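Bear in mind that the values here come from a model prediction, so they are computed numbers and not experimental data.
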Amino acid sequence: FTKMIGKDYLMEIKPQLQLVLDEPDGFEVHPDKVTDPTGRAQNMTKLKNICQLFLQTIFDSLDRCPLPFRVVANHLQQEVIKSFPNAQHTAVGGFIFLRFFCPAILSPDTAGVILGPLSNEDRRPLILISKCIQNLANGQKFGQKESYLNDMNIFIESNTTQVQTFLDKFAELPENVEYTPICSIEEVKEVDLTILHEYLVKNLDKIAKTLTSYKNENLIETLCFTLGELGDCDV
């Protein structure tokens, strides 16, 4: 869905991607790869600046976002807050950042934004940028696991409110705009729900681990019961 609807929208970040790929050096901040403290500090500043540039580009692109994306975000936010009132930003951020922009930043060649293939040296700064924007979208600071990026927590802290404001606006439907769904409810039930069922069953272990990490273990039993009620599927 995101690839089909959002292919042209991804081109919003192409200039920033090209900027990184034209000069991929100077973004590394891992102490094992940059032993000079001064050089590492300079690289950290460069990483913060490029992350801010990507983020501002995404903010400024709201009016050009495909309407189906905003319809999905609107529905997603409304449904999520019924059960998880504090997860309205995480839900929408997971859709537009984690499922759309961050994968394209990480692998612009696969997303069709940049002609590939990319070398490991080219991809390294994109990995760092996508990590930082992903953590910002999740509302999570870097910690012990990736402590070499802890200095990027300043970037996360200074942009959290702006991201939440953007996500709320993203989930608002523009006024006086008619939307025609790309498929009917009947088509969704016949095809897409079957695919979703198969996906949930296939990835149940991963989903359970994720729910546990977010302290939502109580949902695992409910999910397993619901899948059991749906019956077998072809996996």
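Between Glu28 and the choices Lys46, Arg40, Arg124, the salt bridge (charged side-chain N to carboxylate O under 4.0 Å, His left out) rule is met once, by Arg124.
Of the possible donor and acceptor atoms, none in the side chain of Ser107 sits under 3.5 Å from a partner among the backbone N and O of Thr110. The backbone N or O of Glu79 sits nowhere less than 3.5 Å from a side-chain atom of Ser83 that would complete a donor-acceptor pair.
Screening residues 97-118 for salt bridge (Lys or Arg N to Asp or Glu O under 4.0 Å), with sequence neighbours left out, gives Asp109-Arg123. Listed by first then second residue, pairs satisfying salt bridge (Lys or Arg N to Asp or Glu O under 4.0 Å) with a partner in residues 136-146 read Lys131-Glu146, Lys141-Glu157, not counting sequence neighbours. Every pair passing ring pair (Phe, Tyr, Trp, His ring centres under 6.0 Å) that includes a residue from residues 110-162 is listed here, sequence neighbours excluded: His30-Tyr148.
Taking hydrophobic clusters as Ile, Leu, Val, Met, Phe, Trp and Tyr residues chained together by side-chain heavy-atom distances below 4.5 Å, Leu126 does not share a cluster with Val34. A continuous path of Ile, Leu, Val, Met, Phe, Trp and Tyr side chains, each step under 4.5 Å between heavy atoms, connects Leu19 with Phe59, placing both in one hydrophobic cluster.
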Does Glu217 form a side-chain hydrogen bond (donor to acceptor under 3.5 Å, both in side chains) with Thr212? I'd like the steps, not just the answer.
CA-CA 5 Å; Glu217 298 93 334; Thr212 300; 4.9 Å; no

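The two residues Ile96 and Tyr9 come nearest to each other via the heavy atoms CD1-CE2, 4.4 Å. Ala137 and Leu98 get closest at one heavy-atom pair: CB-CD1, 3.7 Å. Across all non-hydrogen atoms, the minimal contact from Leu227 to Leu200 is CD2-CB, 4.0 Å.
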Please list every donor-acceptor pair under 3.5 Å in which a side-chain atom of residues 63-76 meets a protein atom from a residue at least two apart or in another chain.
residue : atom : partner : partner atom : Å
Arg64   : NE   : Glu12   : OE1          : 3.4
Arg64   : NE   : Glu12   : OE2          : 2.8
Arg64   : NH2  : Glu12   : OE1          : 3.2
Arg64   : NH2  : Asp60   : O            : 3.3
Arg70   : NE   : Phe170  : O            : 3.3
Arg70   : NE   : Glu172  : O            : 3.3
Arg70   : NH2  : Lys169  : O            : 2.8
Arg70   : NH2  : Glu172  : O            : 2.9
Asn74   : OD1  : Gln78   : NE2          : 2.9
Asn74   : ND2  : Ala171  : O            : 2.8

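Other members of the cluster containing Leu106 are Ile127, with ILVMFWY side chains joined at under 4.5 Å, either directly or via other members.
With rounding to the nearest 0.5 angstrom, the CG atom of Leu47 is 7.0 Å from the CG atom of Leu149. In this structure, the separation between NZ on Lys14 and CD on Gln16 is 12.0 Å, given to the nearest 0.5 Å.
Partners of Gln134 according to the side chain to side chain donor-acceptor pair (under 3.5 Å) rule, which considers only residues two or more places apart in sequence or in another chain, do not exist here.
Aromatic rings from Phe101 and Phe54 are positioned such that their centres are separated by 6.0 Å or more.
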